[in-house]
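To start, the structure under review is shown below, and the notes come after it.
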Amino acid sequence: MAAEAYNPLGVEQPIYKRWEASGYFNPDKLPGKRTKAFSIAMPPPNVTGELHLGHAVGVSVQDILTRFHRMLGEKALWLPGTDHAGIATQIMVERLLQKEGISRHEIGRETFLKHVWTWKQKYGDRITDQIRSLGASCDWSREHFTMDPNLTAAVQKAFIQLFNEGLIYRGERLIHWCARCQTALSDLEVKHVQEAGHLYYITYGPFTVATTRPETKVGDTALAVHPNDQRYAKYVGEKVTFETESGKLTLPVIEDKLVDKEFGTGVVKVTPAHDPADWEMGERHHLEMKQVIGEDNRMTKLAGKYTGMLVTEARDKIVADLQAKNLLKKIEPHTANVPHCDRCNSVVQPLVSKQWFMTMKPLAKPAIAAVKSGKIQIIPKRFDKVYFHWMNNIRDWCISRQLWWGHQIPVWYCRNEAEKKCKPVASVTEPKKCATCKGVHFVQDQDTLDTWFSSGLWTFSTLGWPKATKDLETYHPTSVMETSWDILFFWVARMIMFSLKFRKQVPFKTVYIHGLVLDKNGKKMSKSKGTGIDPLPMAEKYGTDAIRLSLILGTTPGQDFRLSEEKIAGYRNFINKLWNIGNFVERQQKLSPPLGGGVSTEALREGGRGGRNTLADRWIQERTNWLIADITKNLKTNKLSEAGQALYDFVWHELADWYVEIQKIQPNTALLIDTYETVLKLLHPFAPFVTEALWEKRYGKMNKDMLMIQAWPKAKAQKNTATKEFTKLQNLVVAIRNVRATHKVAPHEKLTLNIAGAGTKTILALKPMIDVLARVEVMSGKSAGKPDGHEAGVNFWLELPKASQQHVKKEVASLQQYIQSLEHKLANEHFTKNAPAAVVEGERKKLAEAKAKLQQLTD
RNA sequence: GGGCGGUUAGCUCAGCUGGUUAGAGCGUUACAUUGACAUUGUAAAGGUCGGAGGUUCAAAUCCUCCACCGCCCACCA
């Protein structure tokens with residue numbers, strides 16, 4: 001009766017429910033005495049977000065580590081949560097309301113926020129349910145949301161402290177303004193996109209000025225040249241008056257090293273209110289600030305006849321006016337970096353605005369030291385450099401947003417502020433009395449904080465800070481922060497700065513950076529372009545375990561990788577292979593139960609069973625033991641791909657291909673079961689569902705002894721003696737199969753194999769195994785002519801239907817080449833003198849072996 | 001303008017603290033198929049590790065330069 005293939009559908013959900021119900025996701029409820037703590041703070045997905053492969057990679061990595069450390073007997077905590085995601089969420093709800101014809105300004109702040117909360121209640125669980133479906137073993141009893149009361153308290157506490165220390169200040173500065181979102185943005189929230197545009201050469205009296213943004217010319221308050229530019233030296237310090245599209249204008253000419261002599265004509269029009277470089281020059285030279293573009297993306301009153309026009313309209317109109325007055329010399333095609341809003345993708349305007357800023361330099365200093373000293377290790381290491389570069393060049397962070405969804409800034413203004421110059425006060429609740437004017441009426445700042453302010457506190461706010469909780473003491477600093485490189489600055493850097501500031505400790509010891517998942521064309525997956533793979537339908541089709549493996553195996557930290565459905569299908573096949581090994585094991589157990597009295601697995605490990613362990617038995621024991629050591633080492637050093645790969649190879653190409661086959665001839669059911677159970681344990685962190693399902697198949701559905709909490713196998717020191725012997729046997733079998741295939745002997749046809757040589761006795765002892773594995777009848781003694789091959793200390797001859805010796809010729813040729821290269825190497829004195837003795841010795845041995853082999857082949 | 005990554009079999013990628021005759025999966029080819037598994041098995045073909053120099057007894061691996069592709073940062077109007 002053919003066993004059915006593994007069908008993950010209907011298996012995974014009940015298993016997850018049992019895991020969750022068991023309470024073991026919560027480290028407080030884990031059995032046994034556990035002292036060492038292991039903790040991961042889950043990067044909180046956006047509360048309204050939907051699961052994509054980026055989440056899936058992160059969840060897989062974090063779950064593997066958490067499950068591994070849980071099985072190691074540690075207090076393993078993986079703390080989940082969601083982020084309110086200020087702009088992203090607000091945009092989403094705004095769009096939704098827009099469809100009903102409602103604008104947020106019509107309904108007002110309070111009502112709008114009610115809508116957002118309703119939305120949050122409705123969809124907030126969707127993302128966490130999706131994370132559950134990936135098998136995430138995180139402690140949902142500790143789940144948090146960045147706008148939970150206790151996290152809001154943390155935000156307020158942090159803000160007030162920074163404010164009182166003078167690290168947060170309010171000022172008028174040039175910021176990026178998104179007219180769509182109606183808010184200021186931080187530098188990081190702006191993405192520069194190369195766009196084809198034009199370079200306009202405009203006459204400014206004696207000069208010609210090249211600009212990409214003619215519409216800002218009505219905001220010009222100076223002209224600038226480079227200090228070394230001889231061409232214009234005579235004008236520096238002078239004022240020039242000239243004709244413009246809007247009449248006569250007089251501007252000072254300044255010199256500044258920011259000006260590039262080579263670009264355009266070497267003369268720059270300076271618009272301090274609408275360009276970062278010009279702003280800087282304006283500050284330096286105390287230039288007038290003329291704001292001609294407003295927050296509504298329209299020209300302001302200061303723009304004269306262009307007032308009220310959209311920026312793009314004004315541009316066209318000004319160009320036309322210039323042309324009419326013959327002030328436009330030429331227009332060249334030009335590509336420029338145009339700033340866009342990271343969230344809504346509309347073009348943002350640099351403009352001057354009154355915002356809250358955070359002084360970053362003092363916070364960056366210890367954050368740099370933490371990575372430099374190795375207190376925080378970034379994997380892969382190359383991101384250190386990127387991190388240092390950003391930290392060293394850090395600029396003040398614009399933290400206020402003109403949004404409604406978020407943490408309202410805890411700053412209060414006295415009503416007499418303007419009149420009596422009262423100072424703003426940072427406080428959670430309305431202050432009782434103004435220190436300056438003794439007034440009692442205050443207004444809270446209407447702005448909210450940048451989303452990343454609250455996420456920056458995430459590792460410790462979720463553990464109870466600012467309260468001194470037991471969790472904080474036990475689990476902070478966390479062990480690993482798992483994330484992708486695109487939020488290294490947004491989030492990781494800020495967490496480090498905040499944690500060092502408020503906790504005087506690093507937030508995590510290791511930063512594990514995974515790559516982005518690309519589509520099969522090597523592009524970032526995009527939902528709007530439809531190039532993404534949606535993990536959930538894929539998981540339904542191939543199983544969650546297959547998805548997890550395909551995201552971890554064969555990938556490298558920090559390296560983006562392509563994912564194709566074929567790859568997922570490949571790992572589905574592997575899972576099915578494991579499933580069928582399970583079928584086989586269960587069947588074997590029914591057919592031949594373990595030896596009477598039940599031999600303990602421990603005894604098996606010791607090579608017990610009264611010396612009845614065959615070579616294959618001893619081999620698989622050694623291999624399993626090696627595997628345990630290898631996987632453990634690699635998981636402890638976060639080398640997940642290597643660990644998973646080793647498991648894959650072992651399960652398929654050693655356990656299934658060899659040991660299971662041998663079981664059909666020489667069963668050792670107790671050892672088979674032992675090996676199988678070890679594999680289930682080792683594989684569990686990677687493929688939790690199928691392994692738990694197989695475990696249940698053996699032991700029934702129970703909470704207490706779930707695979708999830710089994711102790712991680714331990715390896716012991718060993719000599720790989722059986723492995724060496726068995727490898728010889730494998731080589732012989734492969735060599736025989738090879739000869740058979742070359743001569744196109746049908747796989748089922750049984751041939752006679754004659755052997756001769758030193759190893760004959762050993763091979764004859766293994767005769768039953770070889771007979772079956774190679775489909776031959778091993779006989780000793782008879783030898784005639786050149787052998788068909790040489791392996792395991794014997795020459796062998798296959799009695800072929802019609803023997804051809806071609807393959808021997810080929811082998812001889814390759815062997816001769818090999819010998820030549822070895823001889824060449826050994827003839828080199830530099831090598832024999834300088835290389836380690838063991839290496840030289842090894843090479844000599846190889847040469848001798850190869851020569852002996854050749855000798856036997858050509859006999 | 002600065003910086004990072006990639007370039008290894010037809011495709012997708014490992015390997016890179018220098019040391020067997022460079023690996024895997026998919027694909028291809030040949031053969032097989034009722035007893036765990038066709039989501040399978042056995043075997044084969046396929047690579048001068050992007051190019052050029054250099055260091056070394058020894059380089060896919062370390063150094064220098066170059067080319068192409070991708071990305072990040074940055075005030076070139």
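Everything numeric in this text was worked out from a predicted model, so none of it was measured. Here is how names work: the chains are called A, B, and so on, in the same order as the sequence lines, proteins then strands, and each is numbered from 1.
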Tell me if the NZ atom of A:K697 is crowded by more than 12 foreign heavy atoms within 6.0 Å. yes
P-based separation of B:rC62 from B:rC73 [nearest Å]: 27 Å
Name the stems with RNA chain B in them: runs of three or more consecutive Watson-Crick or G-U pairs, distances under 3.5 Å? B:1-7 with B:67-73, B:10-13 with B:23-26, B:28-32 with B:40-44, B:50-54 with B:62-66
Under 4.0 Å: is that the gap between some side-chain N or O of A:K385 and OP1 or OP2 of B:rC4? yes
Gap in Å between the two C1' atoms, one belonging to B:rA45 and one to B:rC68, rounded: 30 Å
Within the structure shown, what part of the strands sits under 4.0 Å from A:A656 by heavy-atom distance: base, sugar-phosphate, or nothing? base
Phosphate OP1/OP2 of B:rA36: any A:K664 side-chain N/O under 4.0 Å: yes
Between the base of B:rA36 and the side chain of A:Q663, is there a donor and acceptor pair under 3.5 angstrom? no
Phosphate OP1/OP2 of B:rA32: any A:R740 side-chain N/O under 4.0 Å: no
Side-chain donor/acceptor of A:K191 to backbone N/O of A:L188, under 3.5 Å: yes
Categorize A:K639 for me: base, sugar-phosphate, or nothing, with a 4.0 angstrom heavy-atom threshold over every strand shown. nothing
Can any side-chain N or O of A:R494 pair as donor or acceptor with the backbone N or O of A:F490 at less than 3.5 Å? yes
For A:T832 and for A:Y6, find the nucleotide of RNA chain B with the closest heavy atom, then tell me which residue's nucleotide is more 5'. A:Y6
Determine whether a donor-acceptor pair (N or O, by modelled atom type, separation under 3.5 Å) exists between the side chain of A:Q663 and the backbone of A:N668. yes
Report the residue (A:K269 or A:G582) whose heavy-atom-nearest nucleotide on RNA chain B is the more 5′ of the two. A:G582
Give A:V268 one of three labels, base, sugar-phosphate or nothing, depending on what nucleic acid heavy atoms sit under 4.0 Å from its own. base
B:rU39, OP1 or OP2 - any side-chain N/O from A:R572 closer than 4.0 Å? no
Which of these, A:W390, A:F383, A:F388, sits in a ring-ring contact (aromatic ring centres under 6.0 Å, His included) with A:F489? A:W390
When you get a sec, tell me which of B:rC37, B:rC4, B:rA77 is the closest nucleotide to the side chain of A:T211? B:rA77
Got a sec, which residues hit ring-ring contact (aromatic ring centres under 6.0 Å, His included) with A:Y571, two or more places apart in sequence or on another chain? A:Y648
Applying a 4.0 Å non-hydrogen cut-off, can you work out what A:W485 is touching in the nucleic acid: base, sugar-phosphate, or nothing? sugar-phosphate
What is the nucleic acid contact for A:V734, judged by heavy atoms within less than 4.0 Å: base, sugar-phosphate only, or nothing? sugar-phosphate
Can any side-chain N or O of A:D256 pair as donor or acceptor with the backbone N or O of A:M281 at less than 3.5 Å? no
Using the P atom as the reference point in each nucleotide, state the distance between B:rC13 and B:rC57 in Å, no decimals. 38 Å
Ranking B:rC75, B:rC73, B:rA77 by distance to the side chain of A:A277, first place goes to B:rC75
A:H334 near the nucleic acid: base, sugar-phosphate alone, or nothing, with a heavy-atom cut-off under 4.0 Å? sugar-phosphate
To the nearest angstrom, the CD-C1' distance between A:Q589 and B:rA36 comes to 15 Å
Aromatic ring proximity, centroids under 6.0 angstrom, A:H334 and A:F263: yes
Base, sugar-phosphate, or nothing: which does A:E661 touch, judged by heavy atoms less than 4.0 Å apart? base
Between B:rG51 and B:rA60, how many Å separate the two P atoms, rounded to a whole number? 11 Å
Under 4.0 Å between a side-chain N/O of A:H389 and OP1 or OP2 of B:rC4, yes or no? no
In terms of heavy-atom contacts, does NZ of A:K636 have more than 12 from other residues, nucleotides or ligands at under 6.0 Å? no
With heavy atoms under 4.0 Å as the rule, sort A:E262 into base, sugar-phosphate or nothing. nothing
Nearest of B:rA77, B:rC37, B:rC75 to any side-chain atom of A:L258? B:rC75
Less than 4.0 angstrom between a side-chain N/O of A:R737 and OP1 or OP2 of B:rA43, yes or no? yes
Residue A:Q559, side-chain atoms from C-beta onward, closest of B:rC72, B:rG6, B:rC76: B:rG6
Under 4.0 angstrom, heavy atoms only, what part of the nucleic acid is A:R775 near: base, sugar-phosphate, or nothing? nothing
Whether A:K269 engages the ring of A:F207 as a cation-pi pair (distance to the six-membered ring centre under 6.0 angstrom, angle to the ring normal within 45°) should be assessed. no
When the P atoms of B:rC49 and B:rA9 are considered, how many whole Å apart are they? 10 Å
At less than 4.0 Å, is any side-chain N or O atom of A:N738 found next to OP1 or OP2 of B:rA44? Yes or no. yes
Between B:rU28 and B:rG10, how many Å separate the two P atoms, rounded to a whole number? 15 Å
Quote, to the nearest angstrom, the P distance that separates B:rA22 from B:rC75. 49 Å
How far, in whole Å, is B:rU56 from B:rU61 if one measures between their P atoms? 16 Å
Can you check whether A:I293's main-chain N or O pairs, donor with acceptor, with A:H274's side chain at less than 3.5 Å? yes
Can you build the contact string for nucleotides 15-30 of chain B? Use B for base contact, S for sugar-phosphate-only contact, and - for no protein heavy atom under 4.0 Å. ----BSB---S----S
Checking B:rC13, B:rG35, B:rA77 against the side chain of A:R562 (C-beta onward), the nearest is B:rC13
Note, A:F689 side chain near A:R548 side chain (heavy atom, < 4.5 Å): no
